[in-house]
Protein chains: 2
Amino acid sequence: MAASAALNPARKSVISRQEILDAAAALFRQKGYYATTLRDIAGSVGMKAGSVYYHFDSKEQILEAVLDIGIEAVFKDVRHKVENMAEDVAWRERFHIAIEAHLASLVQHGDYMSANVRVFSQAPEHIRDRHMKIRRAYEDYWANLYHRAKKAGAIRGNINLTALQALVFGAMNWTIEWYKPGREKIETLAEAYTDILMNGVQPTERDSAAK
Amino acid sequence: MAASAALNPARKSVISRQEILDAAAALFRQKGYYATTLRDIAGSVGMKAGSVYYHFDSKEQILEAVLDIGIEAVFKDVRHKVENMAEDVAWRERFHIAIEAHLASLVQHGDYMSANVRVFSQAPEHIRDRHMKIRRAYEDYWANLYHRAKKAGAIRGNINLTALQALVFGAMNWTIEWYKPGREKIETLAEAYTDILMNGVQPTERDSAAK
DNA sequence: CCTACCGATCGGTAGG
DNA sequence: CCTACCGATCGGTAGG
């Protein structure tokens, strides 16, 4: 809380920096970028407004850091899970794991990723431009997954991969808007999404025959 | 433009009201609610800031109107298309039409719906609460579609309808974040989404056999 | 629908 | 990391 920063001189500025970013992410998520004041951010880590400038040059610099941290974390988590799979894991399961990793990371870095999605469009253009590089890199990573799956015959030849990628990203990232941890487990949701995407919602011919 | 409002006394305030809302929706979409000033809104319809208060009591009132107009328009469009279908249209096609209607309406009322999605979380709580009613009504409309389809055997019994609805809403509404009219047609996108959702991306047994 | 204006608050800075 | 403060700008109002 507020007091500990003042009472503990050993607390390095790196810690305060991290606390400021965490607070900013939470506030950007709730109120957006412009509605969040430096006094809000400072107050929620027990500082005065002017002191924030000891750690950052400007409010925009905080915004940029928050935007980058979110995607970098998710990218890292997903890549780690996907690359730690055995070579012979089936594509259906690969996507299951990737989807679950993305959703779990979204929840874990909730404030950063929610802030990212909600505040990106409000960011000044030069910050959006710089941030787009890392967004693009993450999108390309998924695009590569889809292409390899299609090449391997795990995705139908007539599937539009651009549409598929947009659909999956949309479905996953939309969870930010409604998901409340505790109501249902991320694992359950990931499995449901994977099932729908891989098999579709329509009954198979066998299901129909049994009807 | 600016001049016509001043030169044409027959121009009723209803028109100005609509122009203010259109301008506000476009600005909220671009910059968010707080970053958009009344001077921005007034300026883009050729008024001075104070004059906006001839049409609205507060900035919040403009926000509330913009939020409501977006969903009401989409709800109306989708309901109209769905209810004008023949009784015997197959469920696969019903969803196709509903999805296409939602996407087309999203694009047509682009500023309002984009503003809605982007600005909702920044809105003051009492406005969010009031607006949630109409959001909920639209969600319930879709929930009812899914339930009827499942009952009719058009959706597998083991599909989690809550997850399905979240996935479809997410996929559809995410188009706001990336879709640029002209690059590809909404009809193409709607068909691709419907195909993936209904049949899944995996090859059928017949496809596999041909491989 | 405009002019003129108000109190409040903002991001940021100087000088410790 | 704080105090004290600045210029700029905001939402909103009074009085035409």
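Lettering of chains follows the sequences in order, A, B, ..., and the numbering in each one begins at 1.
In this structure, V74(A) and Y112(A) have side chains that are not in contact, with every pair of non-hydrogen atoms separated by 4.5 Å or more.
Among I41(B), D111(B), V66(B), the one residue that satisfies the side-chain contact (heavy atoms from CB on, under 4.5 Å) test with L27(B) is I41(B). If you run side-chain contact (heavy atoms from CB on, under 4.5 Å) between Q122(A) and each of R118(B), Q30(B), Q122(B), only Q122(B) comes through.
In this structure, CE on M172(A) lies 9.0 Å from CE on M113(A), to the nearest 0.5 angstrom.
Cation-pi check for K76(A) over Y138(A) is not met; the charged atom does not lie both under 6.0 angstrom from the ring centroid and within 45 degrees of its normal. With a 6.0 Å cutoff to the six-membered ring centre and a 45° limit on the axis angle, K31(B) does not count as a cation-pi contact of Y33(A).
Using a 30° and 60° split on the angle between ring planes, F120(A) and H131(A) fall in the tilted class, from 30° to 60°.
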- Just by protein heavy atoms under 4.0 Å, how would nucleotides 9-16 of chain C read 5' to 3' in B, S and -? -BBBB---
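A 6.0 Å sphere centred on NZ of K81(B) holds no more than 12 heavy atoms belonging to other residues, nucleotides or ligands.
Straight-line distance from the CZ atom of F56(A) to the C1' atom of dC1(D): 15 Å, rounded to whole Å.
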- Starting at the 5' end of DNA chain C, write a dot or bracket for each base, bracketing those in Watson-Crick or G-U wobble pairs whose two distances are under 3.5 Å and using | for partners on another strand. ||||||||||||||||
